[in-house]
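Lettering of chains follows the sequences in order, A, B, ..., and the numbering in each one begins at 1.
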2 protein chains.
Amino acid sequence: MRDTDSPSSSLPADDPIGLQSFAVLLRRMNAEFNRIAQEFAHTQGLHLTDVQALIAVLDADDAEETGPMTPGRLRKQMNLTSGAMTACLDRLEKTGHIRRVRAADDRRVVHLHYAQAAKQVARDYFRPLAQSTDAARARFSDDELHVVVRFLAEMNRQLTLVRR
Amino acid sequence: MRDTDSPSSSLPADDPIGLQSFAVLLRRMNAEFNRIAQEFAHTQGLHLTDVQALIAVLDADDAEETGPMTPGRLRKQMNLTSGAMTACLDRLEKTGHIRRVRAADDRRVVHLHYAQAAKQVARDYFRPLAQSTDAARARFSDDELHVVVRFLAEMNRQLTLVRR
DNA sequence: ATATAATCTCTCAATGATTGACATTCTTTA
DNA sequence: TAAAGAATGTCAATCATTGAGAGATTATAT
């Protein structure tokens, strides 16, 4: 039935912790997140791009270090051209998810803020994720959860170093 | 400077483990993964969709339980229409990443296999991720890593339940 | 057997997001 | 004050995606 491909025996013999497991588990989780984001975008009549941009605006608004998001910063962060960025922000603004505010100190730049509508939107979007997270959390002790948080933080630190 | 939005103080006072941390950390990791995938797709002259499809084909080819991927299954998994799926597979086949093989037992279905070129492609794609994972792993004991694996597996289990 | 329904993949015109070069507005530097 | 630089926006062309349907194959019922 299955034509014999080169037998890519994916699991080496000595793999107590699951060397492969990490990549597989992380990739699968990533795919699930993307699926949920995709579905949410669809129900809201938005695109995945729009939702990702919206989240970035939200996160930047929360993180005081960076200041509010700007089209230029978002453009670089999302690897979009200026035309696409403008169109994306137009959609988000037209649907009332974000506001564009000219900066007072440098009138070239535009500050992006999430509107009230976006708050509910984000809540809805993250509800299933939050529920899943809670359900998963419930099965671990505090000490174990501390380990997981440490690991996630460390992963993120490492991943941001992979900017070529 | 920052016009005072409703002060969404994101961190409740009592948050020993980081109730928020989980969502933030997971979202950020997701964004990093997507960025790497996006960049890789760009260097290969592919689209993010194509890369995601390629990975799905690869994973299915490894996981003997399900059998090789088919356009229909991939279509559902990726929430694409048939037209988009065909176009995506056309691109992947034309660039030599996958092969389409008519199934012998049911000649309506097509089996998708990754070509040799895709192997190298996948290796390149996952190299930085693997390196990051290894670097992160190195800072944890075996017991701790077991906890993380358990958590990731549990998260995936919970997330797949969020199929509405 | 034979027709009918169901399944799987693909085609194609229409839609619409993205690209890439350029324009516009504003700031900084010489 | 002029010129260079920076941030955002405009617009025609490009190309992925949609959505309805066709074609080919298998399953079901009469």
Side-chain angles (χ1 to χ4, degrees), chain A residues 1 34-35 37-39 41-54 56-57 60 66-95 97-113, chain B residues 1 34-35 37-39 41-54 56-57 60 66-95 97-113:
Chain A
M1 182 80 294
N34 286 340
R35 180 182 56 78
Q38 188 86 251
E39 283 174 4
H42 191 255
T43 65
Q44 297 294 312
L46 294 174
H47 301 266
L48 185 54
T49 306
D50 303 342
V51 174
Q52 288 174 337
L54 189 56
V57 170
T66 62
M69 185 57 80
T70 68
R73 204 145 61 79
L74 193 50
R75 194 175 92 64
K76 279 165 201 148
Q77 182 173 323
M78 300 189 67
N79 270 318
L80 281 180
T81 55
S82 59
M85 192 74 264
T86 300
C88 171
L89 294 176
D90 284 348
R91 291 191 294 270
L92 285 175
E93 193 173 40
K94 179 149 45 180
T95 51
H97 289 94
I98 65 165
R99 291 176 294 125
R100 278 194 254 222
V101 182
R102 276 284 165 198
D105 56 339
D106 186 341
R107 295 192 46 71
R108 291 172 301 181
V109 327
V110 166
H111 284 177
L112 303 174
H113 295 289
Chain B
M1 185 71 295
N34 285 340
R35 180 183 55 78
Q38 188 86 249
E39 284 174 3
H42 191 255
T43 65
Q44 296 295 314
L46 293 175
H47 302 268
L48 185 55
T49 307
D50 303 342
V51 174
Q52 288 173 338
L54 189 56
V57 170
T66 62
M69 186 56 81
T70 67
R73 203 145 62 80
L74 192 50
R75 195 175 93 64
K76 279 166 202 147
Q77 182 172 322
M78 300 189 66
N79 269 320
L80 282 180
T81 55
S82 56
M85 193 72 264
T86 299
C88 171
L89 295 177
D90 284 349
R91 290 191 295 271
L92 285 175
E93 193 173 38
K94 179 148 45 181
T95 50
H97 288 93
I98 64 165
R99 292 176 293 126
R100 279 195 253 222
V101 182
R102 274 286 165 195
D105 56 338
D106 185 340
R107 295 190 46 72
R108 291 171 301 183
V109 327
V110 165
H111 284 176
L112 303 174
H113 294 290

So Pro71(B) and Leu112(B), do their side chains get closer than 4.5 Å, heavy atoms only? yes
Check whether any side-chain heavy atom of Val101(B) lies under 4.5 Å from a side-chain heavy atom of Val110(B), and answer yes or no. no
Donor-acceptor pair present, Arg108(A) side chain and dT8(D) base, under 3.5 Å: no
Does Gly83(B) reach a base, just sugar-phosphate, or nothing at all? Heavy atoms under 4.0 Å. base
With no hydrogens and no angle check, do the side chains of His97(A) and Thr95(A) hold a donor and an acceptor under 3.5 Å apart? yes
Is the CZ atom of Arg107(A) crowded by more than 12 outside heavy atoms at less than 6.0 Å? no
Options dT8(D), dC8(C), dT18(D), nucleotide nearest the side-chain atoms of Leu80(B): dT18(D)
Among the nucleotides dG9(D), dT17(D), dT9(C), whichever has the atom closest to the side chain of Thr86(A) is dG9(D)
Output the rounded distance in Å from [atom1] ([X]) to [atom2] ([N]).
{"X": "Met69(B)", "N": "dT9(C)", "atom1": "CE", "atom2": "C1'", "answer": "15 Å"}
{"X": "Met85(B)", "N": "dT11(C)", "atom1": "CE", "atom2": "C1'", "answer": "16 Å"}
{"X": "Arg75(A)", "N": "dT10(D)", "atom1": "CZ", "atom2": "C1'", "answer": "15 Å"}

Every protein N/O lying under 3.5 Å from an N/O of nucleotides 13-17 of chain C:
unit_1	atom_1	unit_2	atom_2	d
dA17(C)	OP1	His47(A)	NE2	2.7
dA17(C)	O5'	His47(A)	NE2	3.4

Of Gly72(B) and Ala84(B), the one whose nearest nucleotide on DNA chain C sits closer to the 5' end is Gly72(B)
The answer to which of Asp50(A) and Leu89(B) contacts DNA chain C further toward the 5' end, by nearest nucleotide, is Leu89(B)
Which residues satisfy the side-chain contact (heavy atoms from CB on, under 4.5 Å) test with Arg75(B), sequence neighbours excluded? Ser82(B), Met85(B)
5'-most by nearest nucleotide on DNA chain D - Asp106(B) or Ser82(A): Ser82(A)
Side-chain N,O (Arg100(B)) to OP1/OP2 (dC10(C)) below 4.0 Å: yes
Closest heavy-atom contact between Gly67(A) and Arg73(A)? O-NH2, 3.1 Å
